[in-house]
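Here is the structure we will look at, set down as structure tokens.
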Amino acid sequence: MAINDTRESVQRVVDELFAQGILTAHVEATLERPKSREHGDYATNVALVAAKSSSLPPRELAHQIAERLSADPAFTDVSVAGPGFVNIRLSAQTQGEIAERVVHLGSGYGRNDALLGKSFNVEFISANPTGPLHLGHTRWAAVGDALARVLAAAGADVTTEFYINDRGVQMDKFGASVMAAASGEAVPEDGYHGGYILDLAAQINREHPEFRQLPAEEQLVAFREEAYALQWQQQKDVLELFRTHFDVWYSERKLYDSGAVERAQARLEEQGHVFESEGALWLRTTTFGDDKDRVLIKENGERTYFAADTAYYVDKRMRGFDTAIYLLGADHHGYVNRLRAVAACAGDDMDENIEILIGQMVKITRGGVEVKLSKRSGQIVTLEELVEEVGVDAARYTLARYPVETPLVVDLEEIARKANDNPVFYVQYAHARISSVLRNAEDIGAKWRESEFIPELLNSDQENELLGVIEKFPAVIATAAELREPHRVARFLEELASAYHGFYDACRVLPRSDEELGSVHIARLWVCAATQQTLANGLELLGVSAREKM
RNA sequence: GCGCCCGUAGCUCAACGGAUAGAGCAACCGGUUUCUACCCGGUAGGUUGGGGGUUCGAUUCCCUCCGGGCGCACCA
């Protein structure tokens with residue numbers, strides 16, 4: 001029996017009490033998994049909530065509900081506890097059926113329709129193409145990609161997008177830095193100083209010796225464009241290595257070339273929020289909660305970076321997305337109000353059509369000593385270096401298992417040294433362990449799939465616990481998607497792995513050498529297969545590999 | 001000065017307004033003749049930064065103070 005069926009049973013009882021006048025208001029029943037298993041498989045606080053609209057005290061009301069629920073054969077035990085909780089325990093048979101269902105659903109288990117019909121544009125990283133991606137970007141790579149996968153698993157239509165800031169002063173500084181390095185000159189004081197600049201310069205010198213014969217101005221453009229192409233490719237390669245896929249790479253230049261900037265301005269003017277003052281063109285964002293109005297076109301006729309931001313937002317909406325989700329670092333939180341105001345100025349609902357997730361910074365330590373990050377001074381820890389030290393699985397998992405609003409401290413030495421203590425290995429090990437058991441089952445000819453599955457044989461505490469955890473998976477995905485918190489999937493996997501290890505320790509799966517293969521072994525093999533499938537599906541959402549062996 | 005985020009066990013962090021605040025690491029004690037011990041069980045460790053409020057119930061919501069991080073451009 002799924003959680004929804006149980007909830008409906010409770011709802012029916014509540015409705016009955018309403019019909020009989022014991023309750024004077026209609027109350028929506030909610031069901032939850034108690035933290036403690038001692039409280040049963042499910043619990044409802046409906047009596048506590050409904051007590052206000054009843055003449056009965058909460059506990060008395062709870063007893064009335066419990067008494068009626070007891071009549072349902074799917075429940076073996078219904079009791080009242082604490083201030084008025086109703087605890088429900090399912091029969092082993094009802095509970096055990098989940099294993100069969102999971103195996104049959106396969107990689108589709110967990111998918112649900114919580115966000116069916118909604119379309120999202122998820123934008124993250126969006127780094128300048130003037131250097132390698134560093135550890136800060138890596139967090140958004142892991143979280144953004146996992147979020148996109150989770151939203152899709154909840155039935156949403158999702159497009160991932162990377163915005164390339166390939167226009168403006170920084171690009172020229174980048175070009176000038178590479179050009180200087182290529183001529184063996186000192187990089188300008190306000191340029192980029194990392195070792196990668198020297199590498200880019202060397203490569204361009206090798207492949208395009210003719211560049212240095214060009215007049216200074218043309219030479220700058222040539223170096224800038226070539227360095228941009230190489231650096232962008234490098235970013236794409238590294239993200240590919242990191243299993244982070246972008247459906248769209250959106251260039252700021254394209255925004256201008258396609259006329260999107262003018263279109264956005266026209267849209268904002270139609271809505272009546274644009275005005276002229278002091279020789280500049282402004283957007284009245286203060287109407288919608290911003291601290292100050294923002295300039296779109298400067299006194300000197302140039303468009304601001306903000307103008308591009310507005311155009312980009314409007315363009316996303318014109319491409320048909322219901323909601324534009326932005327993942328931004330805490331150093332950009334000042335943008336939240338103005339971006340939301342942009343949405344409102346464009347005539348949209350700023351609570352519905354735009355969502356900005358602010359992620360806190362990742363502090364890096366090495367042996368307890370903080371590593372300062374600064375791209376321009378060249379002191380960086382790159383995504384690539386992190387992957388080399390700890391691997392893609394550990395990196396992705398470690399960064400995805402915390403809520404983004406948590407400032408994170410990652411010690412590189414610790415991750416590298418204690419790789420085996422990382423929760424990702426604990427989860428992967430559970431998957432590998434099951435794979436081994438199933439291989440052994442095949443070796444001894446245990447054809448569990450073709451054998452009768454008798455769910456009521458799964459009646460130990462550990463089996464009940466494990467099945468209960470497996471059953472939560474679709475709800476976990478739905479919650480993770482609705483709250484935009486993919487870390488919930490990782491936490492769930494740790495709980496699931498723990499429940500499996502506990503089961504494995506207490507319940508022998510395969511027959512011992514002196515035993516015959518029996519129905520209990522078959523039933524437990526179904527449980528193993530269901531657990532393995534759930535682990536694999538969850539790891540897939542995080543972009544972490546489900547290993548067959550370790 | 002104004003604004004946003006954070007403050008939970010020695011450390012890194014969980015806990016969509018629920019029951020006795022939980023995991024991992026570190027510390028201590030125990031467990032495997034047989035399916036992967038990279039595992040399992042147990043002990044110890046807390047005024048959830050302080051103080052008010054909201055309600056059946058607050059780590060969670062509101063106010064205030066303290067501490068830390070980050071932002072407050074006709075920069076990009």
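Values reported hereafter were calculated over all heavy atoms of this structure, with side chains retained and with hydrogens, waters and symmetry mates removed. Keep in mind that what you see is a predicted model, and the values were worked out from it rather than measured.
- At a threshold of 4.0 angstrom between heavy atoms, the contacts of Val409(A) are confined to the sugar-phosphate backbone, with no base atom among them.
- Checking rU36(B), rA76(B), rC40(B) against every side-chain atom of Ala432(A), the shortest atom distance belongs to rU36(B).
- With both ends at atom P, the span from rC16(B) to rC28(B) equals 34 Å, rounded to whole Å.
- Using Watson-Crick or G-U wobble geometry with both donor-acceptor distances under 3.5 Å, rC56(B) finds its partner in rG18(B).
- Across all strands shown, His333(A) has heavy atoms under 4.0 Å from base atoms, whether or not it also approaches the sugar-phosphate.
- For the P atoms, the distance linking rC62(B) with rU54(B) amounts to 15 Å, nearest Å.
- rG24(B) has no base stacking with the ring of Tyr426(A) when judged by centroids under 5.5 angstrom apart and an interplanar angle below 30°.
- By the stacking rule of 5.5 Å between ring centres and under 30° between planes, His332(A) does not stack on the base of rG71(B).
- Aromatic ring centres of Phe288(A) and His273(A): separated by under 6.0 Å.
- Candidate nucleotides rG31(B), rC13(B), rG71(B) were compared by shortest atom distance to the side chain of Thr406(A), and rC13(B) ranks first.
- Looking at Cys528(A) and Tyr500(A), their side chains come closer than 4.5 Å, going by heavy atoms from C-beta outward.
- Contacts of Glu405(A) with the nucleic acid, taken as non-hydrogen atoms under 4.0 Å apart, involve only primed sugar atoms and P, OP1 or OP2.
- Remark: ring of Tyr402(A) not stacked against base of rC13(B); the cut-offs of centroid gap under 5.5 Å and plane tilt under 30° are not jointly satisfied.
- Using a 4.0 Å heavy-atom criterion, one finds that Pro57(A) contacts no nucleic acid atom at all.
- The aromatic rings of Tyr312(A) and Tyr250(A) sit tilted, their planes meeting at an angle between 30° and 60°.
- Side-chain N/O atoms of Tyr228(A) and Asp166(A) include a donor and acceptor closer than 3.5 Å.
- At a cut-off of 3.5 angstrom, counting only N and O atoms as typed in the model, there is a donor on one side and an acceptor on the other between the side-chain of Asn87(A) and the base of rA19(B).
- Residue contacts shown for Ala506(A) are absent, as no nucleic acid heavy atom lies under 4.0 Å away.
- For Arg491(A), counting side-chain heavy atoms from C-beta on, the closest listed nucleotide (rC74(B), rA14(B), rC70(B)) is rA14(B).
- Counting non-hydrogen atoms under 4.0 angstrom, Asp309(A) reaches nothing in the nucleic acid.
- Closest contact between the side chain of His487(A) and the listed nucleotides rA15(B), rC40(B), rC5(B) involves rA15(B).
- For rG18(B), the base has a donor-acceptor partner in the side chain of Asn45(A) [N/O atoms by modelled type, under 3.5 angstrom].
- Ser435(A) and Gln532(A) share a side-chain donor-acceptor pair at under 3.5 Å.
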